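Presented below is the structure to which this report refers.
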Amino acid sequence: VDLNPAIRVVLLPKDTNKYGTIFGGIILSYIDLAGTVEASKVTSQRLVTIAMKEVVFKAPVHVEDVVSFYTSLIKIGRTSITVHVDVEVLRDDGGQGQEVQVTEADVTYVCINDNGKPTPVIRRKT
Ligand SMILES: CC(C)(COP(=O)(O)OP(=O)(O)OC[C@H]1O[C@@H](n2cnc3c(N)ncnc32)[C@H](O)[C@@H]1OP(=O)(O)O)[C@@H](O)C(=O)NCCC(=O)NCCS
C-alpha cells in the first residue's frame with residue numbers, strides 16, 4: 001500500500017447522519033474518487049465504476065476526523081481495472097495519533113469508448 005493516500009479529508013457537519021456521525025454514502029463517494037485516482041495512473045481513457053466489493057463499515061467516522069483513503073492496484077483486466085481502497089481514520093489516543101480502519105473495498109472500473117461500450121485498457125507509457 002502507498003504510504004501517501006490518494007485522498008485525505010476532514011469531514012464536516014454537513015456530512016453527518018441524524019446520529020451525528022458521518023453518513024456512509026459520503027465515504028462511498030470518496031472511495032469511488034480515490035479508486036479513480038489510482039486507476040487513472042494506468043490509463044487516460046474514460047473510466048466508469050462497475051462494482052464495489054464489499055463495503056463493511058467497522059468503525060464510525062466523526063466530524064473533524066482526518067480520513068485517509070489509501071489505494072493499491074489489484075488487477076488490470078482486458079477492459080477493467082480493479083483497485084483496493086483502504087479507509088483509515090486518525091484517532092488521537094492521548095498524544096500519539098493512531099490510524100484505525102473504517103472500511104475497505106475493491107472497486108472495479110471499466111474503460112469505455114465514445115459509445116459507452118467497454119473497450120480494451122490502453123496503458124499509459126511510463
Ligand atoms: C460499464 C459498462 C459499460 C460495462 O458494460 P457490460 O457490457 O456490462 O460489461 P462487460 O460484461 O463487457 O464487462 C466489462 C468488464 O467489467 C467486468 N465486470 C463485469 N461485471 C463485474 C462485476 N460485477 N464486478 C467486477 N467486474 C465486473 C468484466 O469482467 C469486464 O472486465 P474485463 O474486460 O477486464 O474482463 C455498463 O455496465 C455500464 O454502463 N454501467 C454503468 C456504469 C456507471 O454509470 N457507473 C456509475 C454508476 S452511477
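These numbers come from the heavy atoms of this one structure, side chains and all, not from hydrogens, waters or symmetry mates. Remember, it's a predicted structure, so these values are computed and weren't measured experimentally. Start at 1 and go down the list; that is how both ligands and their atoms are numbered.
- Residue Thr79 has at least one nitrogen or oxygen atom sitting less than 3.5 Å from a nitrogen or oxygen atom of ligand 1, judged on distance alone.
- Of the candidates Glu99, Glu88, Glu104, Glu99 is the only one forming a side-chain hydrogen bond (donor to acceptor under 3.5 Å, both in side chains) with Tyr70.
- Between Lys117 and ligand 1 there is no heavy-atom distance shorter than 4.0 Å.
- The protein atom (non-hydrogen) at minimum distance from atom 36 (C) of ligand 1 is Ile50 CD1, 4.8 Å.
- Looking at Thr36, its side chain does come within 3.5 Å of a backbone N or O of Asp32 through a donor-acceptor pair.
- Of the inter-residue distances, the one linking Thr21 atom OG1 with Asp15 atom CG reads 11.5 Å to the nearest 0.5 angstrom.
- In terms of protein heavy-atom proximity, atom 10 (P) of ligand 1 is nearest to Pro118 CG, 4.3 Å.
- The distance from ligand 1 to the heavy atoms of Gly77 drops below 4.0 Å at these ligand atoms: 34 (O).
- Remark: the backbone N or O of Lys58 is not paired with any side-chain donor or acceptor of Gln101 at under 3.5 angstrom.
- In this structure, atom 26 (N) of ligand 1 has a protein heavy-atom contact shorter than 4.0 Å.
- Atom OH of Tyr109 is separated from atom CD of Glu38 by 9.5 Å, given to the nearest 0.5 angstrom.
- One finds the NE2 atom of His84 at 12.5 Å from the CG atom of Leu73 (value rounded to the nearest 0.5 Å).
- When hydrogens are left out, the protein atom nearest atom 23 (N) of ligand 1 is Ala51 CB, 4.0 Å; that is the closest non-hydrogen contact.
- Here the CD1-OG1 distance, from Ile74 to Thr108, works out to 8.0 Å after rounding to the nearest 0.5 Å.
- The protein atom (non-hydrogen) at minimum distance from atom 31 (O) of ligand 1 is Ser80 OG, 3.2 Å.
- With rounding to the nearest 0.5 angstrom, the OG1 atom of Thr71 is 12.0 Å from the CG atom of Leu33.
- With hydrogens left out, the protein atom closest to atom 16 (O) of ligand 1 is Val110 CG2, 3.4 Å, a heavy atom.
- Counting protein heavy atoms only, atom 39 (O) of ligand 1 is closest to Gly116 O, 4.6 Å.
- Nearest non-hydrogen protein atom to atom 1 (C) of ligand 1 is Val48 CG2, 3.7 Å.
- Summarising the geometry, atom CD1 belonging to Ile112 is positioned 9.5 Å from atom OG1 belonging to Thr119; distances are rounded to the nearest 0.5 Å.
- Distance from atom 46 (C) of ligand 1 to its nearest protein heavy atom, with residue and atom name: Thr49 O, 3.8 Å.
- Ligand 1 has a nitrogen or oxygen under 3.5 angstrom from a nitrogen or oxygen of Arg78.
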